Amino acid sequence: MNNEMAYLLGMITGNGEIQRGVNETTIVIEIPHKKLETEFQRDVGIYVKASITDIRQVLEPLLGTSLMFSQSTNVSYISFSKKNEDYLMREIMRYIGRGTSHENIRISPEIFSFTEDERRQFIKGFADVTGYIRKSNYFFDKEMHRVYFEIPQNWELVTDFCNLLKSVDIPVQNIDWAHPNMRDGNLKKYNEGKMDFWKKEHQVKVWANEYEPIGFAVIHKNEALETFADEQKTFIAQQNKNVPDVTHRYYWELVGKKKTKPYHPGENDEFIPEQIRGNHYDSWKEIAQDLGYSEDSEC
């Protein structure tokens with residue numbers, strides 16, 4: 001294993017699609033833009049294109065082939081194809097297993113045995129295709145910025161990723177689960193006739209300054225991260241508080257008031273994994289505990 005391979009595996013796991021052919025396999029990785037401009041009113045497409053140039057320089061020597069690049073208004077794609085018997089492709093498939101896309105890929109247990117640098121590179125690759133940092137994604141105070149990672153439908157991958165962050169000592173600040181008790185906790189949308197409103201992507205949220213040591217390879221994301229992490233640290237220090245005391249805390253180290261939520265009919269929906277289906281939850285932390293992201297979970 002090396003850092004380049006770990007980074008590539010992170011990208012594939014986060015937002016890749018594996019197209020297996022009889023003799024050749026093509027892997028397509030999607031880099032969503034969402035917004036047309038960066039947080040500093042610059043063209044996202046240009047920034048992503050510049051980032052891809054850097055990513056190519058890292059990955060193409062590893063791949064032994066060219067990365068194809070295409071771009072539309074809201075998304076960029078990189079892809080490559082290799083023979084099925086190629087050693088690198090066989091190694092990728094070994095880590096991916098039977099997964100075909102980010103909707104059913106898991107983080108292989110072997111990845112937790114990578115060196116810390118390799119695990120950090122895997123996380124960076126994952127973040128480049130799933131992570132966002134925006135001025136609007138703060139927590140109460142506008143200076144308390146967060147990075148969030150979107151993971152659609154794949155409940156197990158959320159747990160895997162949180163545990164991988166834990167393995168490099170990065171606490172998760174919040175998980176916005178696609179669960180009715182979390183996304184429609186007061187049944188507002190349900191009562192409006194929008195029964196499935198809560199069936200969205202999961203979002204894993206991490207304080208900006210906690211994620212800063214890993215960063216992004218996508219230029220505009222990293223610029224925003226550095227700016228907002230500095231703003232966050234300054235804000236905390238101005239309150240005469242120690243920054244790690246405020247942000248470097250796992251949910252099981254915190255004590256807070258728990259709000260009781262009403263029963264939601266969606267609690268029994270088949271969209272929810274059988275392991276927790278039918279359970280009622282008042283907090284995201286309870287779901288995390290039941291799905292395996294907890295103090296005693298193995299990294």
Side-chain angles (χ1 to χ4, degrees), residues 34-35 37-42 47 116 119-120 123-124 126-128 130-151 158-159 161-177 179 181-183 185-186 201-261 281-289 293-297 299:
K34 290 210 173 223
K35 293 173 68 177
E37 292 184 338
T38 72
E39 291 293 329
F40 310 109
Q41 287 74 55
R42 296 167 187 154
Y47 268 60
E116 183 166 335
R119 279 177 277 141
R120 286 173 174 269
I123 291 168
K124 180 181 281 190
F126 190 96
D128 277 348
T130 67
Y132 303 90
I133 178 161
R134 300 204 179 106
K135 193 177 295 184
S136 58
N137 194 246
Y138 57 84
F139 185 70
F140 285 107
D141 296 301
K142 62 182 177 62
E143 297 86 1
M144 292 301 289
H145 301 289
R146 300 178 294 183
V147 177
Y148 69 96
F149 308 89
E150 290 192 351
I151 301 176
V158 175
T159 300
F161 183 60
C162 291
N163 281 325
L164 193 62
L165 289 171
K166 178 185 170 189
S167 79
V168 297
D169 200 22
I170 296 178
V172 170
Q173 187 267 334
N174 178 276
I175 305 173
D176 200 357
W177 295 102
H179 189 282
N181 297 145
M182 302 299 110
R183 287 293 176 83
N186 294 314
E201 77 289 339
H202 308 289
Q203 290 188 0
V204 175
K205 301 182 180 183
V206 174
W207 292 122
N209 69 298
E210 293 290 334
Y211 184 70
E212 188 181 21
I214 291 183
F216 296 97
V218 176
I219 298 167
H220 74 278
K221 293 183 180 183
N222 209 56
E223 284 188 352
L225 174 64
E226 290 174 350
T227 298
F228 294 151
D230 286 346
E231 187 175 298
Q232 180 183 19
K233 287 180 284 189
T234 299
F235 172 73
I236 295 170
Q238 286 173 343
Q239 299 176 70
N240 296 316
K241 295 179 180 178
N242 183 271
V243 174
D245 289 346
V246 175
T247 64
H248 196 74
R249 305 173 75 185
Y250 291 87
Y251 79 81
W252 48 86
E253 299 172 329
L254 301 171
V255 178
K257 294 181 179 179
K258 186 171 72 172
K259 295 181 180 179
T260 302
K261 298 181 178 181
Y281 293 103
D282 292 318
S283 167
W284 69 269
K285 302 171 185 178
E286 297 168 344
I287 300 177
Q289 175 77 37
Y293 173 58
S294 62
E295 184 175 12
D296 55 1
S297 58
C299 295

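Because the structure is predicted, anything quoted here is derived from the model rather than measured.
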Exercise for the section: Count the heavy atoms belonging to other residues, nucleotides or ligands that lie under 6.0 Å from CG of N186, then report whether that count exceeds 12. Expected result: no

Handout entry: Donor-acceptor pair, side chain of K221 and main chain of G131, under 3.5 angstrom
Key = yes

Completion exercise
Closest non-hydrogen atoms of A288 and I175, given as atom of the first, atom of the second and distance, are CB-CD1, 4.2 Å

Exercise for the section: Using only heavy-atom distances, determine whether the side chains of E150 and H202 contain a donor-acceptor pair under 3.5 Å. Expected result: no

Practice task
Mind checking the OG1-CD1 spacing from T130 to I151? Nearest 0.5 Å is all I need.
Solution key: 6.0 Å

Problem - Stacked cation flag K261 on Y281, 6.0 angstrom / 45 deg - result: no

Practice task
Could you grab the distance from atom CD of Q203 to atom OH of Y148, nearest 0.5 Å is fine?
Solution key: 5.5 Å

Exercise for the section: Taking the six-membered ring for Trp and the full ring for Phe, Tyr or His, determine whether the centres of Y293 and F161 are under 6.0 Å apart. Expected result: no

Handout entry: Intermediate values then yes/no, salt bridge (Lys or Arg N to Asp or Glu O under 4.0 Å), R183 and D176
Key = CA-CA 8 Å; R183 287 293 176 83; D176 200 357; 2.9 Å; yes

Exercise for the section: With sequence neighbours left out, write down each residue that passes salt bridge (charged side-chain N to carboxylate O under 4.0 Å, His left out) with K124, or none if nothing qualifies. Expected result: none

Exercise for the section: Please round to the nearest 0.5 Å and tell me the distance separating atom CD1 of I170 and atom CG of N209. Expected result: 10.5 Å

Problem - Spatial distance of atom NZ (K166) from atom OG (S294) [nearest 0.5 Å] - result: 6.0 Å

Practice task
Decide yes or no for C162 and V204: does some side-chain heavy atom of the first lie under 4.5 Å from some side-chain heavy atom of the second?
Solution key: yes

Practice task
Sequence neighbours left out, what passes side chain to side chain contact (heavy atoms under 4.5 Å, CB included) with Q239? Give chain and number order.
Solution key: F235, K241

Handout entry: W284 side, atom CH2; Q289 side, atom CD - distance, nearest 0.5 Å
Key = 11.0 Å

Exercise for the section: Evaluate the criterion side-chain contact (heavy atoms from CB on, under 4.5 Å) for residue pair I287 and H179; output intermediate values, then yes/no. Expected result: CA-CA 9 Å; I287 300 177; H179 189 282; 3.9 Å; yes

Problem - Partner set under ring-ring contact (aromatic ring centres under 6.0 Å, His included) for Y211, not counting sequence neighbours - result: F149, F216

Problem - Donor-acceptor side-chain pairing of E210 and T247 below 3.5 angstrom - result: yes

Handout entry: Shortest non-hydrogen contact from L225 toward V147
Key = CD1-CG2, 3.8 Å

Exercise for the section: Report yes if the side chains of V243 and V246 come closer than 4.5 Å at any heavy-atom pair, otherwise no. Expected result: no

Handout entry: Reported CD1-to-CD distance for the pair I236 and E231, which is rounded to 0.5 angstrom
Key = 11.0 Å

Completion exercise
Tested for salt bridge (Lys or Arg N to Asp or Glu O under 4.0 Å) against K233, the lone hit among E212, E226, E143 is E212

Exercise for the section: With sequence neighbours excluded, tell me which residues meet side chain to side chain contact (heavy atoms under 4.5 Å, CB included) with Q173. Expected result: F139, R146, K205, W207

Practice task
Heavy atoms only: give me the nearest V218-D128 pair and the separation to one decimal.
Solution key: N-OD1, 3.4 Å

Exercise for the section: Taking the side chain as every heavy atom from C-beta outward, state whether N181 and D282 have any atom pair closer than 4.5 Å. Expected result: no

Handout entry: Heavy-atom closest pair, residues S167 and R119
Key = O-NH1, 2.9 Å

Problem - Which residues share a side chain to side chain contact (heavy atoms under 4.5 Å, CB included) with D169, sequence neighbours left out - result: H248, Y250

Practice task
Using side chain to side chain contact (heavy atoms under 4.5 Å, CB included) as the criterion, list what pairs up with N242, not counting sequence neighbours.
Solution key: P244, D245

